[in-house]
Amino acid sequence: MKGFRVTGSFDDVRQGKQPYSVEIAAEDEAAAREQVVSTFGSKHKVKRWQIRIDDVKELSNDEIVNHVVKYKVTGE
C-alpha cells in the first residue's frame with residue numbers, strides 16, 4: 001500500500017463547486033482515483049462526471065497526516 005493525496009473539486013447542486021483534498025491508501029494511482037470517485041459519489045450523491053481530479057500525489061511516510069491512512073501504509 002502507498003499513500004496518496006488527491007485534490008480536485010466536485011459540483012454540488014446546493015453549494016456550487018466544492019474543492020477537496022483527501023488522503024487515500026491504495027495500491028497505485030488508478031486505484032486511488034477510483035476510490036475517490038466511488039467515495040464522493042456515495043457520500044455526496046454526485047455522478048462520476050461531476051467529480052474533477054486535478055492532482056494525485058504519492059506521499060512519503062513522513063507526509064501522511066491522516067492516522068488511518070498512515071496505519072494502512074506503515075502499520076504504525
Side-chain angles (χ1 to χ4, degrees):
M1 284 268 180
K2 300 175 188 171
F4 293 92
R5 181 171 293 125
V6 182
T7 58
S9 62
F10 64 92
D11 295 330
D12 186 6
V13 176
R14 295 165 291 224
Q15 297 177 341
K17 185 184 283 190
Q18 293 295 307
Y20 66 85
S21 177
V22 293
E23 289 185 357
I24 299 289
E27 292 296 325
D28 58 4
E29 184 177 325
R33 287 176 178 271
E34 178 62 28
Q35 190 173 354
V36 167
V37 170
S38 176
T39 302
F40 275 96
S42 175
K43 285 186 177 181
H44 298 284
K45 306 294 186 228
V46 293
K47 303 292 183 191
R48 288 175 175 261
W49 59 269
Q50 294 174 304
I51 301 169
R52 286 181 212 75
I53 297 176
D54 296 331
D55 186 38
V56 179
K57 179 185 173 194
E58 186 174 342
L59 302 174
S60 68
N61 293 344
D62 298 337
E63 295 176 313
I64 299 173
V65 177
N66 187 317
H67 298 292
V68 175
V69 174
K70 189 166 202 154
Y71 180 76
K72 287 182 179 180
V73 172
T74 64
E76 297 175 1

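Just so we're clear, the structure is a prediction, and the values are computed from it rather than from any experiment.
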Is Val69 linked to Val6 within one hydrophobic cluster, defined over Ile, Leu, Val, Met, Phe, Trp and Tyr using a side-chain heavy-atom separation of less than 4.5 Å? no
To the nearest 0.5 angstrom, please state how far the CG atom of Asp12 sits from the NZ atom of Lys45. 12.5 Å
Rounded to the nearest 0.5 Å, how far does CD1 of Ile64 lie from NZ of Lys72? 11.5 Å
Mind listing the closest non-hydrogen atom pair of Val37 and Ile51 along with its distance? O-CD1, 3.7 Å
Is a salt bridge present between Arg5 and Glu63, judged by a nitrogen-to-oxygen distance below 4.0 Å? no
Given side chains that start at C-beta, do those of Phe4 and Val36 come closer than 4.5 Å, heavy atoms only? no
Examine Phe10 and Ile53 and state if one hydrophobic cluster contains both, with Ile, Leu, Val, Met, Phe, Trp and Tyr joined whenever side-chain heavy atoms are less than 4.5 Å apart. yes
If you look at every heavy atom in Asp54 and Ser9, which pair is closest and at what distance? OD2-N, 4.5 Å
Non-hydrogen atoms of Ala25 and Val73 that approach each other most closely: CB-CG2, 4.2 Å
Closest non-hydrogen atom pair between Ala26 and Ala32, with its separation: CB-N, 3.7 Å
Would you mind reporting whether Ile24 and Val56 have side-chain heavy atoms less than 4.5 Å apart? no
Donor-acceptor check, side chain of Ser38 to backbone of Glu34, threshold 3.5 angstrom: yes or no? no
Starting from the C-alpha separation in whole Å, work towards a yes-or-no answer on side chain to side chain contact (heavy atoms under 4.5 Å, CB included) for Glu27 and Met1. CA-CA 5 Å; Glu27 292 296 325; Met1 284 268 180; 3.8 Å; yes
Do Asp11 and Lys47 sit within salt-bridge range, that is, some charged N less than 4.0 Å from a carboxylate O? no
Under 3.5 Å: donor-acceptor pair, side chain of Glu23, backbone of Val65: yes
